[in-house]
2 protein chains.
Amino acid sequence: MREKTKKPTILEVARRAGVGLGTVSRVLNNHPAVRPETRARVLQVMEELGYTPNPHARRIAGGRSYTVAVLLPFVGTEFYKRLLEGIEAVLLEKRYDLAIFPLLSRARLERYLKNGSLAYQTDGLLLASYDLTEHFGGRLPTDRPVVLVDTRNERYDSVYLDNRLGGRIAGEYLARFPGPVFAIRIEEETDQAFQKTTFRERIQGFREALEAAGKPFTERQLYTTRLSAEGGRLALRHFLEQASPPLNVFAGADQVALGVLEEAERLGLTVGRDVRVLGFDGHPWTEEVGLSTLSQPVEAMGARAASLLLERMEGYKGAPRQVRFEPLLIERASTGTPPKAPYLP
Amino acid sequence: MREKTKKPTILEVARRAGVGLGTVSRVLNNHPAVRPETRARVLQVMEELGYTPNPHARRIAGGRSYTVAVLLPFVGTEFYKRLLEGIEAVLLEKRYDLAIFPLLSRARLERYLKNGSLAYQTDGLLLASYDLTEHFGGRLPTDRPVVLVDTRNERYDSVYLDNRLGGRIAGEYLARFPGPVFAIRIEEETDQAFQKTTFRERIQGFREALEAAGKPFTERQLYTTRLSAEGGRLALRHFLEQASPPLNVFAGADQVALGVLEEAERLGLTVGRDVRVLGFDGHPWTEEVGLSTLSQPVEAMGARAASLLLERMEGYKGAPRQVRFEPLLIERASTGTPPKAPYLP
DNA sequence: CTGAAAGCGCTTACAG
DNA sequence: CTGAAAGCGCTTACAG
């Protein structure tokens with residue numbers, strides 16, 4: 001009759017391993033001053049008992065929470081899925097937990113930050129996509145280390161993709177093909193509190209490249225839509241009202257590019273010949289559907305951001321570090337080029 | 001020169017209020033055995049000091065975490081925004097925190113549940129939209145109370161909307177207007193791990209009502225798309241290829257209905273006369289755009305679910321409670337009916 | 001109604 | 001390298 005399966009504590013581990021509980025704690029914290037044999041024995045016992053440390057006790061005893069807060073837009077796109085995977089990979093390895101805070105409203109954000117709730121819960125903050133510092137006069141109201149990812153700010157460690165460069169690469173690339181060039185501009189969320197400029201930068205770079213190539217780009221070549229595959233379908237229909245195949249489309253995002261692909265197929269057009277399509281993001285499924293795209297190492301960016309944060313949490317005091325990633329053009333069938341060897345991140 | 005603004009503790013509050021720290025704790029926990037004057041004085045001091053209890057200490061001392069986990073689909077739709085608002089409202093009032101766990105993959109879910117991480121962190125679980133019990137042989141591997149919302153299961157407290165009824169109301173309503181009837185079926189996410197049937201139920205009810213009204217519904221009257229406004233635009237174009245105005249469209253969700261509205265306007269059609277559109281969800285903005293819709297009391301559902309969970313956490317042991325909400329038809333200009341008094345939830 | 005004390009499961013100097 | 005002890009900020013019987 002054991003009572004409600006009480007979790008084993010550090011004390012029980014210590015007893016069974018025949019050591020003091022300080023030693024168990026040292027093993028837990030990777031303290032170097034533990035003999036390898038002792039460590040092994042303790043780990044063994046932990047394994048047997050299915051022991052996991054009580055994070056609340058650690059927090060209260062050690063002052064650290066072993067938790068990192070990730071604040072991200074409340075949109076369930078593949079980009080954030082991948083970003084979280086990258087972040088989580090390095091955090092879990094270091095035995096840190098990850099608390100996700102979807103940015104729903106400014107009021108909620110302030111509550112998180114102000115009332116100390118976040119402060120109590122986490123040892124560091126990872127801000128994705130929104131540079132929230134503007135809301136707080138340049139500095140977030142927290143004494144925890146902060147790292148930005150998918151956005152940048154000179155005052156904080158930042159890990160970001162050069163979206164404008166991606167747009168330029170797209171422009172240079174598509175300008176070489178016969179037929180007119182079109183682009184899809186994806187509307188950013190219009191929430192005043194949370195702004196980002198990702199898609200705008202991509203289009204900006206695209207426009208620059210076309211102009212540099214002597215193919216000035218006008219509003220008529222642009223179609224604006226929300227981020228959705230159906231938006232890509234509408235875009236292609238719109239472009240086909242203005243020009244006959246072959247035509248070349250920069251979709252701005254893989255998700256939208258997928259819609260272009262779907263609609264082309266529905267209309268009986270041959271992708272890669274009648275319609276060339278270029279996506280952006282390099283999501284894993286683009287390989288299956290043969291979509292050319294500007295690959296973005298999202299997982300790597302997330303991992304890098306998490307590493308920078310971990311360093312800060314361990315006391316690193318240097319100047320803010322700006323880590324810039326570059327997108328990589330991957331040619332596949334959707335732009336008519338024979339597929340190359342698969343992309344290795 | 002105060003050092004890094006140490007947070008005040010219960011001890012400091014006790015001193016300043018001239019009471020023992022047990023009393024402060026009692027105030028914190030709404031224990032009845034505290035004289036009103038004493039309580040007032042303590043609360044005063046807390047206010048002055050900007051004291052907030054350290055949740056980790058409470059957790060470790062009291063065995064409770066004062067945190068509820070909300071597991072929800074990784075999609076940033078307005079529905080979940082509203083649901084979270086409803087949940088949060090009652091939880092915050094009871095001084096509970098809310099930990100959001102987006103359901104990204106089955107692997108992550110199992111990690112949450114298994115490794116005891118969730119178990120340590122929270123006192124109860126709220127599962128939104130997915131009945132995850134199937135993954136675990138009928139019972140979730142947790143000893144914490146569990147409440148489902150936006151889905152149902154006989155073995156757990158469940159709060160849900162009768163989506164099929166909503167579909168039926170929509171069918172009965174639209175069948176009365178002149179002109180053919182169309183419907184938009186929204187694809188559920190195809191993730192095998194996380195399934196829901198919301199939209200399917202709405203269409204099912206719709207079909208039943210039409211058949212009952214002697215207007216059999218065929219596949220030709222159905223357009224399938226992902227959940228997006230652009231999907232609504234495509235749908236309307238599709239319907240207009242099959243019939244001339246006036247026509248009547250059940251959009252299945254407000255977001256998609258919005259696209260129908262947009263496209264009708266773009267085509268110069270008069271909404272409410274040439275095209276009648278009925279949404280589903282009753283999101284706040286539908287009033288502004290004059291969209292008729294089946295209103296769903298999402299916030300109230302979230303609040304109710306949170307209340308049921310709180311009761312369980314306080315020890316309620318009764319049989320699982322099934323709370324069924326009914327959608328309410330709101331007539332506005334998009335179905336040609338003059339707007340009535342605003343809906344009061 | 002209220003205070004003093006034990007205890008929650010850990011971490012971290014401090015001695016050995 | 002390791003043990004014993006103090007302490008983290010609370011909660012909760014236990015006495016008054």
Side-chain angles (χ1 to χ4, degrees), chain A residues 3-4 6-43 45-46 49-67 95 97 116-117 119-121 123 314, chain B residues 3-4 6-43 45-46 49-67 95 97 116-117 119-121 123 314:
Chain A
E3 48 163 31
K4 226 169 190 264
K6 269 270 171 53
K7 294 232 160 205
T9 74
I10 205 177
L11 190 65
E12 196 167 340
V13 175
R15 279 201 200 112
R16 296 228 197 179
V19 300
L21 86 189
T23 301
V24 177
S25 178
R26 280 176 209 111
V27 171
L28 232 36
N29 295 290
N30 287 314
H31 192 109
V34 179
R35 221 176 347 142
E37 300 93 274
T38 314
R39 174 185 306 280
R41 190 146 34 94
V42 170
L43 287 173
V45 174
M46 286 184 179
L49 256 44
Y51 169 83
T52 49
N54 181 325
H56 304 313
R58 304 186 77 182
R59 281 157 210 196
I60 212 234
R64 270 180 302 170
S65 76
Y66 301 91
T67 302
R95 290 184 158 264
D97 262 347
S117 112
Y120 264 132
Q121 317 261 13
D123 300 331
E314 282 158 11
Chain B
E3 49 165 27
K4 224 170 192 263
K6 268 269 170 54
K7 294 233 159 204
T9 74
I10 205 176
L11 190 64
E12 196 165 341
V13 175
R15 278 201 200 111
R16 296 228 196 179
V19 299
L21 85 189
T23 301
V24 178
S25 177
R26 278 177 210 110
V27 171
L28 232 37
N29 294 290
N30 286 315
H31 191 109
V34 179
R35 222 179 343 145
E37 300 94 273
T38 315
R39 175 186 305 280
R41 187 146 35 94
V42 170
L43 286 173
V45 174
M46 286 184 178
L49 257 46
Y51 169 82
T52 49
N54 181 325
H56 304 313
R58 304 186 80 183
R59 282 158 209 195
I60 213 236
R64 271 180 303 169
S65 76
Y66 300 91
T67 303
R95 291 185 158 264
D97 262 346
S117 113
Y120 264 133
Q121 317 260 15
D123 300 331
E314 282 158 8

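In what follows, chains carry the letters A, B, and so on, assigned in the order in which the sequence lines appear, proteins first and then strands, with residues in each chain numbered from 1. The figures that follow rest on heavy atoms only: side chains count, while hydrogens, waters and symmetry mates do not.
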| said: Whether Asn29(B) contacts dT11(D) is assessed here as follows: a side-chain N or O lying under 4.0 Å from the phosphate OP1 or OP2. Is that the case? | reply: yes
| field | Atom pair distance, as rounded to whole Å: NE2 in His56(A) and C1' in dT11(D) | value | 15 Å
| request: Would you mind reading off the distance between Tyr66(B) atom OH and dC8(C) atom C1', rounded to a whole angstrom? | output: 13 Å
| message | Please report the distance, rounded to the nearest Å, between CG in Leu28(B) and P in dT12(D). | response | 11 Å
| field | Side chain of Ala61(B) (C-beta onward), nearest among dT11(C), dG9(D), dC1(C) | value | dG9(D)
| message | Could you identify the nucleotide paired to dA4(D), looking across every strand shown and requiring Watson-Crick or G-U wobble geometry with both distances under 3.5 Å? | response | none
| field | Taking every non-hydrogen atom, the tightest pair across Leu28(A) and Arg58(A) | value | O-NH2, 4.0 Å
| request: Under a 3.5 Å limit for both distances, which nucleotide forms a Watson-Crick or G-U wobble pair with dA13(C), could you say? | output: none
| query | Counting just side-chain N and O atoms, does Thr38(A) come under 4.0 Å of either OP1 or OP2 of dT2(D)? | reply | yes
| said: Quick check on dG3(D): is either OP1 or OP2 less than 4.0 Å from any side-chain nitrogen or oxygen of Thr23(A)? | reply: yes
| task | Identify, between Pro32(A) and Ser25(B), the residue whose nearest nucleotide on DNA chain D lies closer to the 5' end. | result | Pro32(A)
| request: Compare the minimum distances between each of dG9(D), dC10(C), dT12(C) and the side chain of Arg64(A), then state the nucleotide with the smallest one. | output: dT12(C)
| task | For side-chain contact (heavy atoms from CB on, under 4.5 Å), just list the numbers for Thr67(A) and Arg59(A), CA-CA rounded to whole Å, side-chain angles, deciding distance to a tenth of an Å, and then say yes or no. | result | CA-CA 9 Å; Thr67(A) 302; Arg59(A) 281 157 210 196; 2.9 Å; yes
| field | Residue Tyr51(A), side-chain heavy atoms: nucleotide from dC10(C), dG9(C), dT2(D) that is nearest | value | dC10(C)
| Pick the nucleotide of DNA chain D nearest each of Ala57(B) and Gly22(A); which residue has the one closer to the 5' end? | Gly22(A)
| query | If you check the Ile10(A) side chain, which of dC10(D), dT11(C), dT2(D) turns out closest? | reply | dT11(C)
| Would a 4.5 Å heavy-atom cut-off, applied to side chains only, mark Pro8(B) and Tyr51(B) as touching? | yes
| task | Starting at atom CZ of Arg41(B), determine the distance to atom C1' of dC1(C), rounded to an integer number of angstrom. | result | 12 Å
| Gap between atom CG of Asp97(B) and atom OH of Tyr66(B) - 0.5 Å precision | 12.0 Å
| query | Is the shortest heavy-atom distance from the side chain of Asn54(A) to the side chain of Thr9(A) under 4.5 Å? | reply | no
| said: What is the separation between atom CG on Leu11(A) and atom P on dA4(D), rounded to the nearest whole Å? | reply: 11 Å
| said: Quick check: on DNA chain C, is the nucleotide nearest Val24(A) upstream (toward 5') of the one nearest Ala33(B), or the reverse? Name the residue that is more 5'. | reply: Ala33(B)
| In whole angstroms, how far is the P atom of dG3(C) from the CZ atom of Arg35(B)? | 9 Å
| So does Arg39(B) have more than 12 non-hydrogen atoms from other groups sitting under 6.0 Å from CZ? | yes
| In whole angstrom, what separates Leu21(B)'s CG from dA4(C)'s C1'? | 9 Å
| query | Which is it for Glu37(A) and Arg41(A) under the salt bridge (charged side-chain N to carboxylate O under 4.0 Å, His left out) test, yes or no, and what are the steps along the way? | reply | CA-CA 6 Å; Glu37(A) 300 93 274; Arg41(A) 190 146 34 94; over 6 Å; no
| Just how far, in rounded Å, is P of dG9(D) from CG of Asn54(A)? | 17 Å
Between the protein and nucleotides 14-16 of chain C, list the N/O to N/O atom pairs that are separated by less than 3.5 angstrom.
none

